[in-house]
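To start, the structure itself, in structure tokens.
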Amino acid sequence: MVAGDIVQQQLDAEGALEGLSKKETKKLVNERVGAASQDLAARLADRIASTGRFASVEAENGYINIGYDVDATTNRLVREVLEQGATYGHAAPDSQNFKVMIEHSQLNTHKAAHVGHLRNICLGVALSNISDAAGYSTIRTTYIGDIGRHVIRCLWCYKAFHADEEPPAGHSRGRWLGELYVESGNRLRYREDVLKFLNTLIKEDAGLQEGIDRVLKNLWNTDDPVDGEDIAYILGRVTNGEEMTAEGFVDTDTVVPFFTLLGDYLRAAVVQIDQENTEAVAQANARLEEWQQLHATIDWWPHVPRWTEEEKATFQLWEQQDPAFVELWHTTRGWSMDELQEIFEEFGAEFDVWFSESEVEEDGREMARELLQRGIAEISDGLPVVKIDEKLGLEQETYRTMPILRSDGSTLYSTKDLALARRKFENYDIDQSIWVVDVRQSLYFDQITKILELYGFDEAEANLHEGYEFVTLPGGIMSSRKGNAPLLEDVRNATISRALNVVQEKNPTLAAAEQEQVAHDIAIGAIKYVMLARDGNKVIVFDPDEALSFEGHAAPYIQYAHARACRILERGGVTDVDVLAALESTSFVKPVAEELNLLQQISAFPEMVQRAASERRPLHITNYVFELAKRFNDFYHEAPVLQEGVDPAVRQARLALVTATKVTLANGLALLGIVAPEQM
RNA sequence: GCCCCAGUAGCUCAGCGGAUAGAGCAACCGCCUUCUAAGCGGUAGGCCGUAGGUUCGAUUCCUACCUGGGGUACCA
């Protein structure tokens, strides 16, 4: 760019540009700029070299390569690393003079955590660590979803169907509640699911039109014949390829015998189909399987409307703070919290402040009232909402309309978040408030922020949504109903047992307890690395097999480099303290290329921490630490430390380099919340 | 419809307007009497989604389009 300007000025001064079109000017400048930049680089290089501050300065291809005095620079660097130890790379605490609150790991009680939550925890922990290390005063917080529709549903299901059951002992009680929540959804959504199945069949199954007659005939022949109008309804929908609704039936329970008889048709379809056509066979089988699953609970059908009423009534029990219900809530909440604590501990999530939805509910309700009173919110179709675009005077739809309470007066997520956002600034004197929540909520958080602005809350703009894409499975979107969303606990267990196998195979002489500890560190590290080594705006396709791979670009590769470094130091019989003490007499003369590459990478760490913090991208640290491990492995193969024939001075220098590498690797991994074992 | 995100090697992903676009996995060929082979070296593999624009220079910035994903008033 500079060279371009210079060339242009030169040509201008020479008068060479006179009368030329813009395009011709460009062409001329273009022709000369390459040479000019090389010339410029060479002249600059000369000038830099003349300062005598660098060991070598070379101009190459328009770039300037500067060489340092290796011995002095290395000594200084290694000293810095060893003196600072676990804080190498960190800025002085609070040196940024900026206080930030990071909210993450908003797990729910009464519900099982899945791999998507795992990404949140890993990201939140890493972002907090990095923020802290970069010198931002960081308050770690979480916001537990201990009330809301999921809790109500779970407890409704508990009271209605499982009240007399003994919940399992110990930590699986939380998981048990999670299963109840899934069951509640299946029950309440049952009619929808059945109708969806029927309507897909009507739309996609060409054979149904022919087969329907027999099904309907059998419907006449049951002991308790169904209404003729309903049979006509079914026939009409099928022949016209139109969707059925529950309301379309005179007697909605007609669906029960109809759905049962449909099984005969589907079973026959599997047999009749051309067996050569594997795709059609697979589809027919899949349909039959889905039918079987739904049919297993066909007796649910008549009850669904009543259940829906019961769910509403359960909401009201909470709203009215019914003592028995509140007690049940409190007890079951405790079961889940025990489990959440374990997860947090295992994944290194520590919090300075704990929030939960139940504690901000009243504040939120109060705020909603005020918003209505002040005319910022209004009742639209019986629903309290803020018409944000209208209030901001925006022509184009941008922030749309946000409900701030349910029409029955119960609170929504938004009700509570408005209150919480305000509380954070009022009680903790922060400069910035960050939500680590997946990207699907970005409109939601924009809405919250804008409503706070309309409310007159000055700090609203200091809210920041740190979004990240969600986690899917190789097969497609996860659906908890189909049960193919891997639960956090399952992923954790599978990875740990897999890691244990590898450790036992690779390091059979290690004591069993050590093997288990190492396997644990490796497994958790592997999971975390997968979650952090992709940019936030990339969807992670979570392949359990790949997460379990311990080779290549993954945490174990880095941990292995660290363990190797530890091993060398152990065999060399030196500690960090010894190396530091000997530094005065350590000289780094004529290092090989692998050593220089390693040194360069170590020295880049502090800057990388700053960058990761300011961009809020732990990815920079995962990349950094992988590159560092790679360079160490290169060094390991090319530059022997303890082997015979290595000059004692070289050995001393290399031991120092290995120590600095070990410290930096451990520090980098620590920022990611990954443990660096000393042996593997 | 409107808004957001992604599209780079067979797959998963890096790539701070600049040098010959890089890793890992998978494939193929090598390296353990040596500080741990969870490692290292090599081979092969690319219209950087498409078309314009800005720039001396674009994978990178802008616009449009294509493809995929997500969001879009009483889910969280």
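All chains are named by letter (A, B, ...) in the order of the sequence lines, taking the proteins before the strands, and each is independently numbered beginning at 1.
When Watson-Crick and G-U wobble pairs are counted only if both distances are under 3.5 Å, G17(B) pairs with no nucleotide at all. When both pairing distances are held under 3.5 Å, C40(B) makes a Watson-Crick or G-U pair with G30(B). Base pairing of G1(B): its partner is U72(B), meeting the Watson-Crick or G-U wobble criterion (both donor-acceptor distances under 3.5 Å). In a base pair of the Watson-Crick type (N1 to N3 plus N6-O4 or O6-N4) or a G-U wobble (N1-O2 and O6-N3), with each distance short of 3.5 Å, C47(B) is matched with no nucleotide. When both pairing distances are held under 3.5 Å, U67(B) makes a Watson-Crick or G-U pair with A6(B). Nucleotide C61(B) forms a Watson-Crick or G-U wobble pair with G53(B), both donor-acceptor distances falling under 3.5 Å.
Across the protein-nucleic acid pair, Glu644(A) atom CD and U34(B) atom C1' stand 10 Å apart, rounded to whole Å. The distance from atom CZ of Arg153(A) to atom C1' of C75(B) is 9 Å, rounded to the nearest whole Å. The CG atom of Asp535(A) sits 10 Å away from the P atom of C16(B) (whole-angstrom rounding). A straight line from CG of Asp446(A) to C1' of C2(B) spans 15 Å, rounded to a whole angstrom. Taking atom CE of Met402(A) as the reference point, atom P of C74(B) lies 11 Å away to the nearest angstrom. Remark: P of U72(B) and NZ of Lys387(A) are 19 Å apart, rounded to the nearest angstrom. Rounded to an integer number of Å, the gap from CG of Asp146(A) to C1' of A76(B) is 13 Å. In this entry the distance linking CD1 of Ile379(A) with C1' of C74(B) reads 11 Å, nearest Å.
With hydrogens and angles ignored, no donor-acceptor pair closer than 3.5 Å exists between the side chain of Arg400(A) and the base of C3(B). In the interface, the side chain of Ser442(A) is not paired with the base of C4(B) through any donor and acceptor atom under 3.5 Å apart. Under 3.5 Å, the side chain of Gln441(A) and the base of A76(B) form at least one donor-acceptor pair of N or O atoms.
Between A14(B) and A21(B), the distance separating the two C1' atoms is 11 Å to the nearest Å. Using atom C1' as the reference point in both G7(B) and U50(B), the two lie 11 Å apart (nearest Å). Separation of the C1' atoms belonging to A9(B) and G1(B) is 38 Å when rounded to the nearest angstrom. For U63(B) and C2(B), the P atoms lie 15 Å apart once the distance is rounded to whole Å. Nucleotides C11(B) and A38(B) are separated by 29 Å at their P atoms, to the nearest Å. A23(B) and A19(B) have their P atoms separated by 15 Å, with the value rounded to a whole Å. Using P as the reference atom, A26(B) and C40(B) are 13 Å apart when rounded to the nearest Å. Across the C1' atoms, C61(B) and A76(B) are found 37 Å apart, a figure rounded to whole Å.
Screening residues 519-554 of chain A for ring pair (Phe, Tyr, Trp, His ring centres under 6.0 Å) gives Tyr529(A)-His553(A), His553(A)-Phe626(A) as the qualifying pairs, with residues at least two apart or on separate chains.
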Tell me, for nucleotides 36-42 of chain B in 5' to 3' order, what letter each nucleotide earns: B for a base near a protein heavy atom under 4.0 Å, S for only sugar-phosphate near one, - for neither? BSBBSS-

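Of the side-chain N and O atoms in Arg534(A), none sit less than 4.0 angstrom from OP1 or OP2 of A6(B). Contact between the side-chain N/O atoms of Arg440(A) and the OP1/OP2 oxygens of G70(B) is not found at any separation under 4.0 Å. The phosphate of G69(B) (OP1 or OP2) has no side-chain N or O of Lys538(A) nearer than 4.0 angstrom.
Ion pair Arg654(A)/Glu594(A) not flagged as a salt bridge, since none of the NZ, NE, NH1 or NH2 atoms sits closer than 4.0 Å to an Asp/Glu carboxylate oxygen. Salt bridge Glu192(A)/Lys196(A): absent, no basic N to carboxylate O contact under 4.0 Å. A salt bridge links Asp438(A) with Arg440(A): the closest approach of a Lys/Arg side-chain nitrogen to an acidic carboxylate oxygen falls below 4.0 angstrom.
With G71(B), C74(B), G24(B) as the candidates, the nucleotide lying closest to the side chain of Leu443(A) is G71(B). Each of C16(B), U34(B), A76(B) was ranked by its minimum atom distance to the side chain of Glu357(A); first place goes to A76(B).
For C62(B), the O4'-C1' to base torsion is more than 90° from 0; the nucleotide is therefore anti.
Among the protein residues, Ser549(A) comes within range of no part of the nucleic acid, since none of its heavy atoms lies under 4.0 Å from any strand. Across all strands, Arg617(A) comes closer than 4.0 Å only to sugar-phosphate atoms, never to a base (heavy-atom distances). Residue Leu412(A) is classed as a sugar-phosphate contact, given heavy-atom separations below 4.0 Å to backbone atoms only. Val641(A) comes within 4.0 angstrom of a base, heavy atoms only.
Both Phe626(A) and Leu642(A) lie close to RNA chain B; mapped to their nearest nucleotides by heavy-atom distance, the more 5′-ward contact belongs to Phe626(A).
Although no hydrogens or angles enter the test, the distance criterion places a donor-acceptor pair under 3.5 Å between the side chain of Tyr624(A) and the main chain of Gln601(A). Proximity of a side-chain donor or acceptor of Ser414(A) to a complementary backbone N or O of Pro403(A) within less than 3.5 Å is detected. Lys450(A) places no side-chain N or O within 3.5 Å of a backbone atom of Asp389(A) that could act as its donor or acceptor partner. Side-chain atoms of Thr142(A) come within 3.5 Å of backbone N or O of His104(A) as a donor-acceptor pair.
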Trace of the ring-ring contact (aromatic ring centres under 6.0 Å, His included) decision for Phe632(A) with Phe635(A): CA-CA 5 Å; Phe632(A) 178 72; Phe635(A) 162 83; 5.8 Å; yes

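For the pair Arg119(A) and Tyr468(A), the cation-pi criterion (under 6.0 Å, within 45° of the ring axis) is not fulfilled.
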